[in-house]
Amino acid sequence: MTESLLDNRIEPITSPDDEIRDAVAGANLASFLPALLPALAHATGDDSLLVEALVPDGELIRDESAGLTLEQQAEIRRIAADVLIDLRDGRRSFVDDATKSAAGANRLQRLMSHATGVEIHGDYVGLMREELSVTGDDLRAPQWRADELAPGRSFPVVVIGAGMSGILAGHRLKQAGVDFVIYEKNTDVGGTWLENTYPGCRVDVSNHVYSYSFAQRNDWPYYFSPQPELLDYFRTCADEFGVREHIRFEHEVTAMTWSEDDRSWTLELDGPDGDVTHEANAVISAVGQLNRPNMPSISGMEDFAGPSFHSATWDHDVDLAGRDVVVIGAGASAVQFVPHIAEVTNHLSVLQRTPNWFVPVPPYHEPVADGLQWLFRHIPGYAQWYRFWMFWRSSEGLLPACEVDDDWEDTSLATGARNAELRDLLEQWLYLCYADRPDLHDTVRPMYPPASKRIVLDNGSWSTTMKRDDVTLDGTPILRIESDAVITADADGNETRHAADVIIYATGFQASKFLTPMKVVGTGGRDLHDVWDGDARAYLGVVHPGFPNFFLCYGPNTNIVVNGSIIYFSECEVHYALGVIEMLLRDGLASADCRQGVHDAYNERVDEGNLKMAWGVSTVNSWYKAESGRVAQNWPFSLLEYWQQTRTPDPADYHLTS
Ligand code: NAP
């Protein structure tokens with residue numbers, strides 16, 4: 001039998017001393033150290049390993065060394081190696097999972113505070129216990145079963161989409177014993193990780209964090225793994241959770257209509273054998289939001305004679321070797337594939353409308369160090385503690401640097417003192433990258449506050465590519481497309497001709513058009529797209545008044561700019577949706593329809609919150625905003641708050657119908 005990606009087996013320690021010391025020393029990133037002693041303390045039950053002098057600096061957790069001096073780092077490595085040798089020789093032993101799970105809130109708080117260098121507030125412990133899931137327990141699993149709450153009641157649910165959120169929703173429904181079907185337009189699971197196959201596609205959130213809390217993987221091959229690894233992971237999850245057999249592939253939901261009489265949804269689908277309909281008591285949309293390519297409208301596009309395609313629908317039949325290629329757009333996707341294709345093209349022109357802020361992440365393309373993999377294989381729970389540490393590092397830490405200071409006068413370049421500090425830091429990186437090419441400085445320097453748009457991870461490969469002799473970076477507007485070229489023009493009208501055998505559109509997605517092109521008709525025959533009028537809103541990003549028993553994953557205002565991974569949000573959203581379904585089943589109710597006042601008050605607060613963040617005040621182009629200019633994408637508050645708000649639905653938020 002082949003080993004599962006999710007097995008996370010721990011191997012006995014048999015290595016000689018020098019191999020153990022090499023492993024601890026060979027885990028090259030200092031950032032792996034802060035969680036090491038807490039993990040060993042938790043795994044062995046010996047809290048004397050929490051040496052006070054070896055706590056990282058909570059203010060410096062984004063630094064690679066987390067504020068630990070070289071001496072402190074050496075001491076952590078020495079203690080860890082000694083403990084591992086003792087474990088091998090039987091002078092110490094690991095406690096069992098039950099003992100580890102039984103760690104009380106105070107002890108967990110102590111271990112977590114040691115790992116992070118900050119006094120972890122008691123409110124966080126519940127959330128972090130779930131995220132840590134140190135024994136592999138699924139702490140967010142529904143604690144109820146449909147057949148116990150409502151014996152004999154038929155309550156079919158449809159999930160739309162079998163990407164990351166759809167697999168998760170299916171898993172939770174299955175755990176609760178709810179009857180469900182997942183409709184997926186593609187031929188396989190994976191969503192964005194199935195569709196985006198462009199060269200260099202990889203996850204840009206630490207992979208140990210970008211995974212389900214209840215299906216962690218110890219042995220991610222890279223800190224930020226390439227797309228095939230992610231697809232493999234989601235395929236494995238769909239199989240092992242038993243979700244795949246509930247999926248009807250090649251079925252696209254085109255419309256869904258609520259019936260007041262039946263208190264159910266009728267879905268219309270386009271399937272391989274023609275149109276079908278399906279009735280359901282509740283619907284969970286997990287269609288994703290960055291998946292409908294945004295194609296620009298540029299004069300002369302239709303006259304182009306060569307092949308052209310969008311980065312999300314990469315045409316692998318088009319050979320780019322030795323060709324002149326023009327890439328339109330320079331966002332997160334372009335940054336990943338441009339360095340790859342530049343290796344083979346004859347000449348590559350990158351047409352950038354707005355420069356990115358880049359944050360240096362040296363190991364962005366690196367495999368996980370052998371030493372670190374060794375530690376993950378031999379210390380029970382260490383991979384989970386490492387994930388916890390990475391989660392904390394990337395969670396609330398950067399939010400204050402995105403805030404608007406009330407007394408900061410000019411927010412065009414920075415929104416406050418801490419945002420200005422971040423700007424300085426990121427500018428230093430840019431100047432370092434382009435020190436030898438001052439002619440590019442004006443083109444690459446963002447003239448907007450950092451965090452107004454997504455900050456892109458960088459290990460230097462982008463600037464190295466932009467500086468190649470056979471690459472042109474042009475930051476002037478596109479004028480028109482001709483049969484064999486793209487023409488740009490500067491402010492004085494001077495035109496530049498970029499020869500093109502192939503054009504690649506890296507122009508992003510129609511992010512603001514939530515649920516497009518699906519038609520959703522709720523109570524009173526109201527069409528959700530008419531209600532939204534191009535400016536989507538929802539309560540908690542999940543439910544909308546007038547559309548009962550309908551739940552959104554990755555809905556309006558559930559995107560994060562600097563903190564965390566979108567999987568965290570999906571876990572909260574699905575938890576909430578299941579909570580409402582539980583309420584319906586437990587109380588014998590037919591439908592739950594969010595109250596307008598609750599929805600409006602919530603959205604008012606979110607809007608106010610976003611206006612206090614860089615992405616809310618900046619006028620730079622970004623997919624975070626709807627056409628109205630309102631930030632329709634982002635969650636402006638802490639991860640903790642979203643978790644707290646989505647823990648348990650409040651019946652008072654709903655019109656409930658029997
Ligand atoms: P994007 O960041 O929105 O970038 C689109 C690019 O196209 C921008 O440079 C944009 O310029 C440009 N553009 C759009 N319309 C244009 C037009 N009419 N003329 C000229 N240029 C135009 O899209 P993306 O790169 O596909 O990334 C979208 C999001 O997907 C990211 O922010 C990220 O959240 C996610 N993503 C994640 C990963 C990952 O984890 N592996 C990888 C890729 C993407 P402006 O900046 O001026 O609008």
Side-chain angles (χ1 to χ4, degrees), residues 163-164 190-193 195-207 209-211 222-231 288-301 310-314 326-338 340 349-358 361 364-365 394 443-444 446-448 451-458 462 473-481 486-489 498 503-512 554 558-567 569 615 618-625 633-634:
M164 176 275 286
T192 194
W193 295 110
E195 291 174 10
N196 282 274
T197 60
Y198 59 77
C201 181
R202 65 196 315 134
V203 63
D204 62 2
V205 172
S206 165
N207 223 162
V209 175
Y210 192 88
S211 44
Y222 289 83
Y223 299 102
F224 303 85
S225 294
Q227 170 263 342
E229 286 292 338
L230 273 297
L231 181 56
Q289 168 240 29
L290 294 170
N291 63 6
R292 299 279 167 179
N294 169 46
M295 286 298 279
S297 166
I298 299 172
S299 164
M301 261 171 91
H310 189 275
S311 59
T313 51
W314 195 271
V326 171
V327 173
I328 298 181
S333 300
V335 168
Q336 291 191 332
F337 72 74
V338 160
H340 285 262
S349 300
V350 177
L351 309 187
Q352 163 204 281
R353 193 163 64 177
T354 313
N356 301 300
W357 281 115
F358 288 95
V361 178
Y364 187 26
H365 293 166
S394 63
T443 309
V444 299
M447 298 304 285
Y448 59 86
S452 312
K453 288 163 80 77
R454 190 169 167 91
I455 301 174
V456 179
L457 306 194
D458 186 31
W462 177 254
L473 174 64
D474 184 345
T476 61
I478 299 170
L479 204 58
R480 64 180 181 277
I481 294 178
V486 183
I487 316 297
T488 57
H498 297 276
I503 297 178
I504 303 173
Y505 293 94
T507 41
F509 300 90
Q510 301 175 36
S512 290
Y554 207 176
T558 60
N559 182 65
I560 36 185
V561 181
V562 290
N563 48 335
S565 114
I566 207 65
I567 296 186
F569 270 72
W615 52 79
S618 170
T619 53
V620 72
N621 288 324
S622 89
W623 60 265
Y624 297 156
K625 290 181 181 164
Q633 301 290 342
N634 302 336

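Note that ligands are numbered from 1 as they come in the structure, with each ligand's atoms numbered from 1 the same way.
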Return the closest protein heavy atom for [atom] as residue, atom name and distance.
atom	value
atom 42 (C) of ligand 1	Tyr198 OH, 3.3 Å
atom 30 (O) of ligand 1	Leu290 CD1, 3.5 Å
atom 4 (O) of ligand 1	Gly331 CA, 3.5 Å
atom 47 (O) of ligand 1	Thr354 OG1, 2.5 Å
atom 41 (N) of ligand 1	Arg202 O, 2.2 Å
atom 9 (O) of ligand 1	Ala330 N, 2.9 Å
atom 3 (O) of ligand 1	Trp623 CD1, 3.4 Å
atom 46 (O) of ligand 1	Lys453 NZ, 2.6 Å

To the nearest 0.5 angstrom, please state how far the CZ atom of Arg353 sits from the OG1 atom of Thr488.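 Result: 14.5 Å between the selected atoms.
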
Considering only heavy atoms, does Thr507 approach ligand 1 within less than 4.0 Å through its side chain, its backbone, both, or neither?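 Answer for Thr507: both.
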
Below 4.0 Å, non-hydrogen atoms only: which portion of Cys201 touches ligand 1? Side chain, backbone, both or neither.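 Cys201 to ligand 1: no contact under 4.0 Å from either part.
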
Donor on one side chain, acceptor on other, Ser225 and Asn207, under 3.5 Å: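 Their side chains do contain a donor-acceptor pair, which is all the 3.5 Å distance test asks for.
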
Donor on one side chain, acceptor on other, Tyr554 and Gln633, under 3.5 Å: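 On atom types as modelled, these side chains do not qualify, holding no pair under 3.5 Å.
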
Only heavy atoms of Ala332, strictly under 4.0 Å: list the atoms of ligand 1 that pass.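 Listed by number with element, the hits are 2 (O), 25 (O), 27 (O), 31 (C), 43 (C), 44 (C).
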
Just which atoms of ligand 1 are under 4.0 Å from any heavy atom in Pro296?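 Numbered from 1, ligand 1 contributes 17 (C), 18 (N).
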
Walk me through it: do Trp314 and Ile504 pass the test side chain to side chain contact (heavy atoms under 4.5 Å, CB included)? CA-CA 9 Å; Trp314 195 271; Ile504 303 173; 3.6 Å; yes

Would you please test Leu457 and Phe224 for side chain to side chain contact (heavy atoms under 4.5 Å, CB included) and show each step? CA-CA 10 Å; Leu457 306 194; Phe224 303 85; 3.6 Å; yes

Evaluate Val350 against Asp474 for side chain to side chain contact (heavy atoms under 4.5 Å, CB included), listing each step before the verdict. CA-CA 6 Å; Val350 177; Asp474 184 345; over 6 Å; no

Nearest to [atom] by heavy atom, [options]: which?
atom	options	value
atom 1 (P) of ligand 1	Gly508, Ala511, Ser225, Gly200	Gly508
atom 15 (N) of ligand 1	Arg353, Gln289, Arg454	Arg353
atom 38 (C) of ligand 1	Asp204, Asn196, Val456	Asp204

Is the backbone of Trp193 close enough, under 3.5 Å, to the side chain of Gln227 for a donor and an acceptor to pair up by distance?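 Present.
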
Side chain Tyr505, main chain Pro293, donor-acceptor under 3.5 Å: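 Checked: no pair found.
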
State whether the shortest distance between N or O atoms of [X] and N or O atoms of ligand 1 falls below 3.5 angstrom.
X	answer
Ser333	yes
Gly329	no
Phe509	no

What pair of heavy atoms forms the shortest contact from Gln352 to Thr443, and how long is it?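 For Gln352 versus Thr443, the nearest heavy atoms are NE2-O, 2.9 Å.
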
Passes side chain to side chain contact (heavy atoms under 4.5 Å, CB included), Ile566 versus Asn559? Steps please. CA-CA 7 Å; Ile566 207 65; Asn559 182 65; 4.3 Å; yes

Touching ligand 1 at all, Tyr448? Heavy atoms, strictly under 4.0 Å?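 Contact check Tyr448 vs ligand 1: negative.
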
With the side chain counted from C-beta on, respond yes when Val561 and Arg454 share a heavy-atom pair under 4.5 Å apart, and no when they do not.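 With C-beta onward as the side chain, the pair stays apart.
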
What pairs with Tyr198 under ring-ring contact (aromatic ring centres under 6.0 Å, His included), at least two apart in sequence or on another chain?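 For Tyr198, the residues satisfying ring-ring contact (aromatic ring centres under 6.0 Å, His included) (neighbours in sequence not counted) are Phe337.
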
